[in-house]
Amino acid sequence: GQNIDQPTEMTATEGAIVQINCTYQTSGFNGLFWYQQHAGEAPTFLSYNVLDGLEEKGRFSSFLSRSKGYSYLLLKELQMKDSASYLCAVRGTNAGKSTFGDGTTLTVKP
Amino acid sequence: EAGVAQSPRYKIIEKRQSVAFWCNPISGHATLYWYQQILGQGPKLLIQFQNNGVVDDSQLPKDRFSAERLKGVDSTLKIQPAKLEDSAVYLCASSLVGSSTDTQYFGPGTRLTVL
């Protein structure tokens, strides 16, 4: 099985940088996803890591350490529209099945 | 490219009633997923289809939930009879291949309230 842990809530200031952590325990690993979900909307894909290291995509970056079962999502130059829930999902080796964490609700304040 | 379509967007029913949700995936996507998302939690996989075959339904409460994907395109998820704890958003997602690296694209979801 898989177990995923993320902080429940975080608050940050507009223009700042925030790091959202995700730790996982899994019996089989084949990639880690980050999704953004605004209130009342569907999750949208942000990033995918399968190898150790940092993946950068504009203001968002994602890091993975497979040996530590750890990932983080880094958001730079925060904007008010970044207020949302950020979901960490681990893909197992069983036919692409992903297990989601409960999400981190980020509030960006002026 | 059109996204994943779901209907209805909202549904309110009383416990013990039946309800059905419909999903139309992105054209060409072989894999289709149904998730249940309870308020404050992450999505939980209910069932995964590859074309019209079931790949994983280990977390589907089969005494009351059923799903089908006829012809490997559209899918319906049914709850019969509904319980109070079924109140949640039901998300449909699709992906192109179903391998371990492809990305899932989600529909807008159906928000179910069971009274």
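Reckoned from all heavy atoms, side chains included, excluding hydrogens, waters and symmetry mates. Throughout, protein chains are lettered first and strands after them, A, B, ... in sequence-line order, and every chain is numbered starting at 1. Given the structure is predicted, the values throughout are model-derived calculations rather than measurements.
- The 12-atom threshold is not exceeded at CG of L39(B), counting heavy atoms of other residues, nucleotides or ligands nearer than 6.0 Å.
- Residues of residues 101-110 of chain A lying under 4.5 angstrom from chain B, judged on non-hydrogen atoms, are G101(A), D102(A) in numerical order.
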Checklist entry - ring pair (Phe, Tyr, Trp, His ring centres under 6.0 Å) between F45(A) and F106(B): does it pass, once the steps are laid out? => result CA-CA 9 Å; F45(A) 169 78; F106(B) 287 83; over 10 Å; no

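- Few gaps surround CD on Q79(A); more than 12 heavy atoms of other groups in view lie less than 6.0 Å from it.
- With a 4.5 Å cut-off on side-chain heavy atoms, Q104(B) and P43(A) do not count as touching.
- Residues in residues 43-56 of chain A take part in these salt bridge (Lys or Arg N to Asp or Glu O under 4.0 Å) pairs, two or more places apart or across chains: D52(A)-R66(A), E56(A)-K76(A).
- There is no path of hydrophobic side-chain contacts, each under 4.5 Å, that joins L32(A) to F63(A).
- In this structure, chain B has a heavy atom under 4.5 Å from the side chain of Q37(A), while its backbone stays farther away.
- L60(B) and L112(B) fall within the same hydrophobic cluster, where Ile, Leu, Val, Met, Phe, Trp and Tyr residues are linked whenever their side-chain heavy atoms come under 4.5 Å apart, directly or through other members.
- Under a cut-off of 6.0 angstrom, the local environment of NZ in K62(B) is crowded, with over 12 non-hydrogen atoms contributed by other residues, nucleotides or ligands.
- Heavy-atom neighbours of K44(B) NZ from other residues, nucleotides or ligands within 6.0 Å: above the threshold of 12.
- Atom CG of residue L91(B) and atom CZ of residue F100(A) lie 8.5 Å apart, to the nearest 0.5 angstrom.
- Pairs engaging residues 79-89 of chain A under the salt bridge (Lys or Arg N to Asp or Glu O under 4.0 Å) rule: R59(A)-D82(A) [sequence neighbours left out].
- Interface residue Q37(B): only side-chain heavy atoms are found under 4.5 Å from chain A.
- For chain A, the nearby part of P108(B) is the backbone; its heavy atoms alone come within less than 4.5 Å.
- Between atom CD of residue Q48(B) and atom OG of residue S98(A) there is a gap of 8.5 Å, rounded to the nearest 0.5 Å.
- For Q80(B), the CD atom counts as loosely surrounded, since its 6.0 Å shell holds 12 or fewer non-hydrogen atoms of other residues, nucleotides or ligands.
- For the atom pair F33(A) CZ and T103(B) OG1, the distance stands at 5.0 Å (nearest 0.5 Å).
- No continuous path of ILVMFWY side-chain contacts below 4.5 Å connects L46(A) to Y72(A), so the two sit in separate hydrophobic clusters.
- Of all the heavy atoms in G107(B) and A42(A), the pair that sits closest is O-CB, 2.7 Å.
- Under the rule for a ring pair (Phe, Tyr, Trp, His ring centres under 6.0 Å), the partners of Y90(B) that lie at least two apart in sequence or sit in another chain are F21(B).
- Taking each heavy atom of S58(B) and K97(A) in turn, the nearest pair found is OG-NZ, 3.6 Å.
- Proximity to chain A (any heavy atom under 4.5 Å) is shown, for Y105(B), by neither the backbone nor the side chain.
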